[in-house]
Amino acid sequence: MKQTHYRNCNLCEAICGLEIQTENDSIKSIKADDKNPLSRGHICPKAFALKDLHEDPDRLQHPVRKTDNGWQKISWKEALDEVASKLCSIQEMYGQNAVGIYLGNPNVHNLGSMSIMPVLIKSIKTKNKFSATSVDQLPHQFAAHFMFGHHFMIPIPDIDRTNYMLILGANPLVSNGSLMTVPDVRNRLNKIMNNGGKVVVIDPRKTETAKIASEHCFIQPGTDVYLLLSILYQIINVHGVSPGRLEEFTIGLDELDSIVKPYSPESTAHITGINAENVKKIAADLCNAEAAVCYGRIGVCTQEFGGLSHWLINVINIVTGNFDREGGAMFTTPAVDILQPPSSKGHFDLWRSRVKNLPEFGSEFPAVTIADEITTEGDGQIRAMMTIAGNPVLSVPNGGKLDSALKSLDFMVSIDFYINETTKHADIILPPLHNLYSSHYDLIFHVLAVRNTAQYAKPIFKKPDDTKFDWEIYLDLAKRISKKRKRPLNKMMYYMSRLFGTEWIIKAGLKRGSSSLSFKALLKNPHGVDLGPLRPSLPERLFTSDKKIHLLPDILVKDLTRVHETMSERTISKLTLIGRRQLRSNNSWMHNCASLMSGRDRFNVLMNKEDAEKRQIQDGQHVRVSSPDFHIDLPVKISDEMMPGVISIPHGWGHNSDGIQLSTASKYPGGNLNNLANGEKIDMLTGTADVHIRNIEITLL
Ligand SMILES: Nc1nc2c(c(=O)[nH]1)N[C@H]1C(S)=C(S)[C@@H](COP(=O)(O)OP(=O)(O)OC[C@H]3O[C@@H](n4cnc5c(=O)[nH]c(N)nc54)[C@H](O)[C@@H]3O)O[C@H]1N2
Ligand SMILES: Nc1nc2c(c(=O)[nH]1)N[C@H]1C(S)=C(S)[C@@H](COP(=O)(O)OP(=O)(O)OC[C@H]3O[C@@H](n4cnc5c(=O)[nH]c(N)nc54)[C@H](O)[C@@H]3O)O[C@H]1N2
Ligand code: SF4
Ligand SMILES: [Mo]
């Protein structure tokens, strides 16, 4: 039977509306849904690859166990019983924290994982929990926690109504936006410029976004904190602080002066590489534009001063009067509001990691320390790991160390439908169905979108016999583990989900939310419902107990000491290596989707002409890129996109043939960028990985 379905794409944060034609169990076509109120007909090549994913013979459809004769199919019952029994006996023998958990990125795009996984996590009850957050957006959450009282209260640029957008460390034209769900971003940015506004990009690479922007400035990797302090210096000393109606409920406005004192634009230019005149122009534009917004993303997170940088970005938006107002940085008012109780407001440093004494954030330790916790003997050592939808061997700095650490475990289980560089270490893999089999509502990304919309989709395919959704695997394991360990099971979540799947969660969420949207209305509007542009919501939406914005939280102000103390020692390293995202790739996966792997330049190192000439390297030649820890051999592409002194290699690659059954991915092995890092470098404030690799050597092969 032929059918047409509408739903949000679950592959990245843009949540584009898709129109999917099916015939029985096969996908006939995937198109953009022109009627989706948020994406308005936008789609990218990854969406078409959902068909490849659906048809991929390498995608696991039943549990497998590793044996001396390779992977063997086992029944769900046998697999679940064994996993529960192994995890429980390891906890009984070595304590709760002997089981570690890594939660990967695709979980945030999965309704069942976002809503039902906590039942499983609570049954395991380990402090050794890690996720992609600490190689990603932790600094945004950190700043939100201390300034607005909720770690998920993240301001979103009101891109459709701004006149000036300053973008640091983001390349939305390729990433399709992050912590800014913004499908169709090219048209949205062009609209700002066509209406006489400006888009300015700060990035060590002249990215796809920088190329269409009004202006682009190269910046020395990791020095954004100095630039932001200088912009703030200029605002305070020349233009004046004008937070508008926020003045009434913002604490700390009077003390800003002393904080920025040492950072005049002249004093930081040699560190950032951005001259004082440019900094002054940026500050003036931010203050003078009718509406302006400063937005930073992962390039500003995964560095030495990620926490400070994201705090300063918020401060700049607030003091220029561009916060919680049209065209500035705003908060969403989502139909299902995951910020409200029972969700936690978040916490920081309530306990510390065993080996490196690193603080937890939201009950998680920094992912860079997983390997330490596995290999360092003693009480609380991790003896078993569970990974869910992730590939930390490729995604976390010190991948090589983690790769060998995983080999030493007593037991490992992965919930994933692929055998990848991480899950290959598992004793048992439990594969869920992919997203098109489930109902879908984007719990997270409606909350982070540049416009308030809501969309719900029923499953596209009928669930085949003897298969499981992610959330069913969680409940099956949670029940077994709770029983064996005599721990309470969240019975309400358990039975409601067993009876009603994930649908009841959306119904309950809508009832609690601030819009009057009903579940019926969602079903009646398969293209999604438009709930209008972002609207001012402060001080009501603040989660601080005094309902005030805390402009200068002590913990952040104190961390400025690190910036100041190292200011005079800042020297530019030989060569700094940064990462790169590609349109036809999705972190460490989808590399076996044939439709994405066409085209050139899958895996190379970009280098400025000046740097190449110094080393007598020519375009296309193969080189060895070495850090003190590892090396990767790959071709060079000479490109004026790169700032002199900075080179770039994409992350997420490094598929070798060793045990990997991803037929197409193995044809594009590349090398693991994260092997070049040793994982010792983090933002000491937040625990976020610093992915910049300094003092790189290049030799011609
Ligand atoms: N050097 C460097 N490293 C980085 C980054 C960088 O910029 N530079 N970026 C970082 C960022 S932002 C992130 S988010 C991380 C991402 O890194 P990870 O957290 O490791 O996530 P992915 O690589 O997306 O994980 C993909 C795995 O999830 C599985 N999967 C997909 N969908 C589902 C599903 O519905 N259910 C289940 N159970 N499994 C599923 C896939 O089969 C695949 O095995 O990488 C980080 N690493
Ligand atoms: N096609 C595709 N889309 C994706 C993904 C993908 O893998 N592929 N991943 C998704 C995920 S998980 C995420 S988190 C988002 C990320 O979304 P974005 O943050 O937009 O991602 P990037 O393209 O990595 O952009 C980061 C930029 O920071 C720059 N940069 C590096 N270091 C510095 C620095 O020190 N300072 C400054 N100012 N800039 C710096 C890099 O050159 C790069 O251009 O993308 C999502 N979308
Ligand atoms: S931009 Fe993201 S959400 Fe949109 S189609 Fe591509 S992968 Fe899907
Ligand atoms: Mo990410």
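In listed order, ligands and their atoms are each counted from 1.
Under 4.0 angstrom from ligand 3, the non-hydrogen atoms of I15 all belong to its backbone. Contact annotation for S648 and ligand 2: no heavy atom of the residue comes within less than 4.0 Å of the ligand. Contacts between T423 and ligand 1, counted as non-hydrogen atom pairs separated by less than 4.0 Å, are absent for every part of the residue.
Every atom of ligand 1 is numbered from 1 in the order shown, and the set under 4.0 Å from a heavy atom of Y102 is 18 (P), 19 (O), 20 (O). Under a 4.0 Å criterion applied to the non-hydrogen atoms of D136, ligand 1 contributes the atoms 12 (S), 14 (S). Of all atoms in ligand 2, listed by their number and element, those nearer than 4.0 Å to a heavy atom of N586 are 5 (C), 6 (C), 7 (O), 8 (N).
Residue contact annotation: Q220 has no non-hydrogen atom under 4.0 Å from ligand 2. Distances shorter than 4.0 angstrom do not occur between any heavy atom of N435 and any atom of ligand 1. In this structure, G104 has a heavy atom closer than 4.0 Å to ligand 1.
Annotation: atom 5 (C) of ligand 2 to nearest protein heavy atom, R581 NE, 3.3 Å. The single protein non-hydrogen atom nearest to atom 3 (N) of ligand 1 is N674 ND2, 3.1 Å, given as residue, atom name and distance. With respect to atom 12 (S) of ligand 2, the closest heavy atom belonging to the protein is N587 ND2, 3.0 Å. The nearest protein atom to atom 43 (C) of ligand 2, hydrogens excluded, is given as D203 OD2, 3.3 Å; this is a heavy-atom distance.
Residue contacts with ligand 2: H651 is placed with no nitrogen or oxygen under 3.5 Å of a nitrogen or oxygen of the ligand (distance criterion only). For I388, no nitrogen or oxygen atom sits less than 3.5 Å from a nitrogen or oxygen atom of ligand 1, counting backbone and side chain alike. Every N/O-N/O distance between G579 and ligand 2 stays at or above 3.5 Å. Polar contact with ligand 2: absent for R584 (N/O pair, distance under 3.5 Å). At least one N or O atom of Q582 sits closer than 3.5 Å to an N or O atom of ligand 2. Remark: ligand 2 and N176 share no N or O pair separated by less than 3.5 Å (distance only, no angle test). Annotation: T223 places no N or O atom under 3.5 Å from an N or O atom of ligand 2; distance criterion only. Distances between N or O atoms of N420 and those of ligand 1 include at least one value under 3.5 Å.
Among A389, C301, S131, the residue whose heavy atom sits closest to atom 28 (O) of ligand 1 is A389. The heavy atom nearest to atom 30 (N) of ligand 1, considering only C12, P106, S395, is found in P106.
Salt bridge D34/R40: absent, no basic N to carboxylate O contact under 4.0 Å. Salt bridge status for R59 with D52: absent, with no side-chain N to carboxylate O gap under 4.0 Å.
Annotation: Y437 is in aromatic contact with F461 [ring centroid separation under 6.0 Å].
The minimum heavy-atom distance linking L596 with R584 is given by the pair O-CB, 3.3 Å.
Within the protein, the N, O or S atoms lying under 2.8 Å from atom 6 (Fe) of ligand 3 are C44 SG.
By the salt bridge (charged side-chain N to carboxylate O under 4.0 Å, His left out) test, D683 is found to be paired with R562, residues two or more places apart in sequence or in another chain being considered.
When each of T453, D33, N36 is paired with H527, the side-chain hydrogen bond (donor to acceptor under 3.5 Å, both in side chains) condition holds for D33 and for no other.
A cation-pi arrangement is found for K463 relative to F469, the charged atom lying closer than 6.0 Å to the ring centre and inside a 45° cone about the ring normal.
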